[in-house]
Amino acid sequence: METYVRSKDAEGEDSFDTAEMDADIVEFANFVNSDLRELVNIVQESKYSHLKFDTDDVAVKIKKRYGVPPKPSPSGIVEKSLKPIVSRYLGVLHLNDERGVPYVKVGDKIKKGQVLATVETMNIFNDVKASVEGKLVEILEKDGNPVEYGQILFFVEV
Amino acid sequence: MFRKILIANRGEIALRIIRACRELGIRTVAIFSEVDRESLHVQLADEAFCVGPAPATESYLNIPNIISAALISKADAIHPGYGFLAENPEFVEICKDHNIVFIGPNRESMQLMGDKAKARRTVAEVDVPTLPGTDVIEEDREAFKFAREYGFPIMIKAVAGGGGKGMRVVNSVEELRQGLSEARSEAFSAFGDDRLYLEKFMPEARHIEFQILGDKLGNVIHLGERDCSIQRRNQKLIEEAPSQVISPYMRRKMGEAAVRAAKAIGYHGVGTIEFLYDTSSSRFYFLEMNTRIQVEHPVTEMVTGVDLVREQIRMEMDEPLDMNQRQIFIRGHAIECRINAEDPDNGFTPVTGEVKTFRLPGGPGVRVDTHIYAGYKVLPYYDSLLAKVISYGKDREEAIIRMDRAMYEIKIDGVKTTIPFHRKMLQDVRFREGEIHTGYLEGR
């Protein structure tokens, strides 16, 4: 779990801090101390990969670590059946094929082995294939964005 | 001018490069494997990309993903550090194809010096003495002929060798026969190249290496020597600068030879010329050249005041050397102790585990280059170096006293380390008096 807290001081200058969910960050974000912990827990338990909010004083971004499937809640049957599809390459994500047609869209039924996207690495287009069968429920990254090894690209409801 | 450099490495050397970049005002991109996500180099770099799973072949050696990270982050250059891709000529070429500067020598110099037999021939042409030795052994009888001529002991070495792999010392015809076939298969499995050559072995000799620095205009200087005589199975454990046995006259002679060798191949950047120095005859012999920044570079930095990593990056930006040989002075004495996750009581076997406590040494004249912290997990995938403790003093005695103090202050709990070995060594009368040669540890 990564937590980013950005304070916005009077000059409007952003100071950015990245840290583990540790004492430092809680101290730094004194004013959101208990709230922040709670938020982290909420994100951790949820099926969502990240949460962002922005007020006049503070911007908070909580992001699950890539490559770590969402933590199944003890009673949550829905969460349990949600499988992540990760990138095995570092490169530029292409959600559309060479004709500009999307490989898949949210809600599609997908088969095991089906190409969901490609990742362009050193001019080579590597297929991202579905490792499971099910319904595509979320696309986490935009077309053309860089993705890294182990990054979750899709969630499939099995 | 570089705006951004990608560091294709991990551990303490990645941190060292990030530090130099920050001082130069260059932005940094870290790469990491899945198990290194929490690493300091990831935290301290401006950007970071996960390039693969834990095994180095799929992450820190994953050329497509590393190049892709450099292209996506728009890095101008890649610094390979040491190990991993630092001496891979193919990687140099791939960087070039993608208009990314490789911070290191060009492909030709790297290949030439990577072929140990060719390297010997090249430096011999510019009057740098080489050890009595053979070219590549085509047939075993050439090896026996060499043995008859020069006598035992003899060192068998792999042409593609490095880091002590594919090397063995033989003392008889029988051992030579057996050693050749063993070294051949060892070299083949380690480097995919089973070519061997022989060198006369000097058990009492010292391992002395000269740091050189050159720009792209052909200017080359040397920054004095490092004495790396405390080795275990050809792995260095303690290094110091200057050497106790090198007189100012020998320093000049050997330094000039090192500069000649570097100039002979049009070398630029940082490099190290390794010599064997026979104290009884005051003769020195070229061993090999390392075309990278070395683990032990800090001792040279301490005694010369030159930031080698900064200079290495500057040279690659086509900047000229801003110092000449007469401006280089060796002041005081520096010692480096390598703290490895190894069990000194069990043949220095690498160990794994979690660092529970890490207490850093400090105070006057103590520098620590490390990437570990309390909670750091030592994993079996990468080398066992945890920290380099470097002490500096006005003379060797003061440097030893400070190192002794640093080894008393440092504490690493959770994994076995080489700290007890260093503590013992610092108390050893022969070390204190400087009577150490490369065969010393094995002879204890």
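The chains referred to below are lettered A, B, ... by the order of the sequence lines, with proteins before strands, and numbering in each begins at 1.
Interatomic distance, Ile63(B) CD1 to Thr121(A) OG1, rounded to the nearest 0.5 Å: 13.5 Å. We find the CG-CG distance between Asn65(B) and Asn126(A) to be 8.0 Å, quoted to the nearest 0.5 Å.
Within the 4.5 angstrom heavy-atom criterion, no atom of Ile66(B) approaches chain A. At a 4.5 Å heavy-atom cutoff, the contact between Ala48(B) and chain A is made by backbone atoms alone.
Under a cut-off of 6.0 angstrom, the local environment of NZ in Lys216(B) is crowded, with over 12 non-hydrogen atoms contributed by other residues, nucleotides or ligands. Under a cut-off of 6.0 angstrom, the local environment of CZ in Arg359(B) is crowded, with over 12 non-hydrogen atoms contributed by other residues, nucleotides or ligands. Other residues, nucleotides and ligands contribute more than 12 heavy atoms inside 6.0 Å of the CD atom of Glu108(B).
Between Glu148(A) and Cys50(B), the shortest heavy-atom contact is OE1-N, 2.5 Å. Shown here for Pro64(B) and Met122(A), the closest heavy-atom pair between the two residues is CA-SD, 3.2 Å.
By number of non-hydrogen pairs under 4.5 angstrom with chain A, the leading residue of Gly52(B), Ser73(B), Ser33(B) is Gly52(B).
For residues 88-112 of chain A, heavy-atom neighbours of chain B at less than 4.5 Å comprise Arg88(A), Tyr89(A), Leu90(A), Gly91(A), Val92(A), sorted by residue number.
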